[in-house]
**Student:** 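Before anything else, here's the structure in question.
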Amino acid sequence: MMKHTFVICAYKKSEYLEECICSILKQTIKSNVLISTSTDIPFIREMAKKYDIPLYVAEHKSDIAKDWNFAYKKANTKYVTIAHQDDIYDADYAKTAISMLEKNKKPLIFFSDYYEIKNGMKVAVTKNLKIKRILLYPLRAKVLQSRKIVKRTALAFGNPICCPAVTYVKENLPEELFKQGYKSNIDWEAWELLSRKNGSFVYHPKSLMGHRVHEQSTTTEIIGSNLRTLEDVEILKKFWPEKIAKAIGKVYKKSEESNNA
């Protein structure tokens, strides 16, 4: 029986969806592959048919939290990776994730370092990526990955985890991972809640996936907006008093500006 599933979240016609699919089909170990969408359009159906991938269409109106929960529920394997249609995954992503998760006593999630893809080029070093690597550095040590204070400290200055490119251990997690409410910080809120649970954030410091940054992406649309700033402060207040949260939020906003295409 297969241990792992990639669920590709497709939202609209994207010139990058096929590249994402191909990177997943080229993994060095075999995984189940599904496509999930709440925007049922011919292009997505064509891609699913071309590569013979099961397609699941949600009945709800497009909503990121609902979309990710829907995708997560469609996989029935022990490990589930929610993949974004614009991103790509190195050939050893699944192999590394499964290997590291199975060596851990009680893993919650697996994630790796990542590079950005801008204008078709891989960008391994930006100010934003440097800061995230510093925040995640303590999680390189397996003995620290289950420590609540270490998990929460990694999240207390910003969101260093690239989402939705995260692998989840279903048996150790709630049935629904993502809450509705936020527009940009749905993932950060989920990590904050999971950081309170017993279990490990399994981190691999090698870049095993690429996060695409382009003008039409949701990240690019939201960064710099007042909404994003307000949401950042709301999450930071879960770790800090309000005045400190606002101060950190200003610094975090500047670092995130490197996400712009």
Side-chain angles (χ1 to χ4, degrees), residues 4-27 31-75 80-91 93-94 111 114-123 161-168 177-178 180 182-187 190 207-225 227-228 231 256-261:
H4 175 252
T5 300
F6 278 103
V7 188
I8 304 169
C9 287
Y11 294 96
K12 55 187 176 181
K13 184 172 182 179
S14 168
E15 61 186 294
Y16 308 115
L17 175 58
E18 189 164 17
E19 188 177 354
C20 173
I21 291 171
C22 290
S23 74
I24 287 171
L25 294 178
K26 291 178 181 177
Q27 293 292 303
S31 297
N32 287 335
V33 183
L34 311 174
I35 295 177
S36 168
T37 187
S38 58
T39 53
D40 186 16
I41 60 173
F43 174 76
I44 294 174
R45 289 192 173 274
E46 289 166 10
M47 288 291 101
K49 183 177 180 181
K50 179 177 180 178
Y51 290 98
D52 193 25
I53 299 173
L55 172 63
Y56 294 92
V57 180
E59 295 183 357
H60 62 255
K61 185 178 178 181
S62 186
D63 174 275
I64 294 176
K66 286 184 178 181
D67 292 347
W68 289 352
N69 284 326
F70 177 79
Y72 179 70
K73 290 177 182 178
K74 290 303 173 185
V80 180
T81 301
I82 300 179
H84 191 280
Q85 65 178 7
D86 291 346
D87 297 342
I88 60 174
Y89 301 82
D90 289 16
Y93 179 93
F111 56 96
Y114 69 97
Y115 49 89
E116 293 182 348
I117 308 170
K118 295 183 178 180
N119 301 316
M121 303 292 291
K122 291 184 179 181
V123 181
I161 302 174
C162 184
C163 184
V166 171
T167 300
Y168 307 89
L177 292 171
F178 305 101
Q180 291 177 259
Y182 289 116
K183 185 173 178 63
S184 66
N185 287 333
I186 300 160
D187 51 343
S207 297
L208 295 178
M209 58 83 59
H211 174 61
R212 197 178 300 275
V213 181
H214 58 94
E215 291 180 356
Q216 285 74 43
S217 72
T218 302
T219 302
T220 302
E221 289 176 3
I222 295 173
I223 286 175
S225 69
L227 172 64
R228 174 62 184 264
E231 287 194 3
E256 283 289 321
E257 288 172 356
S258 68
N259 266 338
N260 287 314

**Student:** When rounded to the nearest 0.5 angstrom, what is the spacing between NE2 in His84 and CH2 in Trp68?
**Tutor:**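 Reported value, rounded in 0.5 Å steps: 7.5 Å.
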**Student:** For residues His60 and Ser38, determine if any side-chain heavy atom of one lies less than 4.5 Å from a side-chain heavy atom of the other.
**Tutor:**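 Heavy-atom side-chain distance check passes, below 4.5 Å.
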**Student:** Is a donor on one side and an acceptor on the other found under 3.5 Å between the side chain of Ser14 and the backbone of Tyr16?
**Tutor:** yes
**Student:** Mind listing the closest non-hydrogen atom pair of Ala75 and Val80 along with its distance?
**Tutor:** CB-CG2, 3.5 Å
**Student:** Under a 4.5 Å cut-off applied to non-hydrogen side-chain atoms, are Tyr89 and Lys26 in contact?
**Tutor:** no
**Student:** Are side-chain heavy atoms of Thr167 and His4 found at a separation under 4.5 Å?
**Tutor:** yes
**Student:** To the nearest 0.5 angstrom, please state how far the CD1 atom of Ile24 sits from the OH atom of Tyr93.
**Tutor:**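 The distance works out to 10.0 Å.
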**Student:** Can you find a heavy atom in the side chain of Asp67 that is under 4.5 Å from one in the side chain of Ser36?
**Tutor:**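 In short, these two side chains do not touch, never coming nearer than 4.5 Å.
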**Student:** Check side chain to side chain contact (heavy atoms under 4.5 Å, CB included) between Leu55 and all other residues, then give those that pass, not counting sequence neighbours.
**Tutor:**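 Counting only residues at least two positions away or on another chain, Leu55 forms a side chain to side chain contact (heavy atoms under 4.5 Å, CB included) with Ile35, Thr37, Ile44, Arg45, Ala48, Val57.
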**Student:** Met47 and Ile21: which non-hydrogen atoms are nearest, and at how many Å?
**Tutor:**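 That closest heavy-atom pairing would be CB-CD1, 4.0 Å.
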**Student:** Can you name the side chain to side chain donor-acceptor pair (under 3.5 Å) partners of Gln85, sequence neighbours left out?
**Tutor:** none
**Student:** Measuring from atom CZ of Phe70 to atom CD of Glu59, what distance do you get when rounded to the nearest 0.5 angstrom?
**Tutor:**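 It comes to 8.0 Å.
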**Student:** Keeping Glu231 on the side-chain end and Lys183 on the backbone end, is there a donor-acceptor pair under 3.5 Å?
**Tutor:**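 Yes, the answer is positive, given that a donor and an acceptor are paired below the 3.5 Å cut-off.
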**Student:** Passes side-chain contact (heavy atoms from CB on, under 4.5 Å), Lys12 versus Phe43? Steps please.
**Tutor:** CA-CA 8 Å; Lys12 55 187 176 181; Phe43 174 76; over 6 Å; no
**Student:** Does a side-chain heavy-atom distance below 4.5 Å link Val33 with Leu25?
**Tutor:**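 They are in side-chain contact.
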**Student:** Does the Gln27 side chain pair with the main chain of Asp90, one donor and one acceptor, at a distance under 3.5 Å?
**Tutor:** yes
**Student:** Out of curiosity, Asp87 CG to Tyr115 OH, how far, rounded to the nearest 0.5 Å?
**Tutor:** 9.5 Å
**Student:** Heavy-atom distance under 4.5 Å between the side chains of Leu17 and Ile8, does that happen here?
**Tutor:**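 Yes, at least one pair of side-chain atoms sits under 4.5 Å.
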**Student:** OG1 of Thr5 to OH of Tyr168: how many Å apart, nearest 0.5 Å?
**Tutor:** 14.0 Å
**Student:** First locate atom CZ of Phe6, then atom CG of Asn32, and finally report the distance between them rounded to the nearest 0.5 Å.
**Tutor:**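 With rounding to 0.5 Å, CZ (Phe6) is 11.0 Å from CG (Asn32).
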**Student:** Measuring only between side-chain heavy atoms, which start at C-beta, is Tyr56 closer than 4.5 Å to Leu34?
**Tutor:** yes
**Student:** Side chain to side chain contact (heavy atoms under 4.5 Å, CB included) with Ala65: which residues, sequence neighbours excluded?
**Tutor:** Asp63, Phe178, Gln180, Ile186
**Student:** Less than 4.5 Å apart, any side-chain heavy atom of Val166 and any of Ile82?
**Tutor:**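 The answer is no, as the side chains (C-beta and beyond) never meet within the 4.5 Å cut-off.
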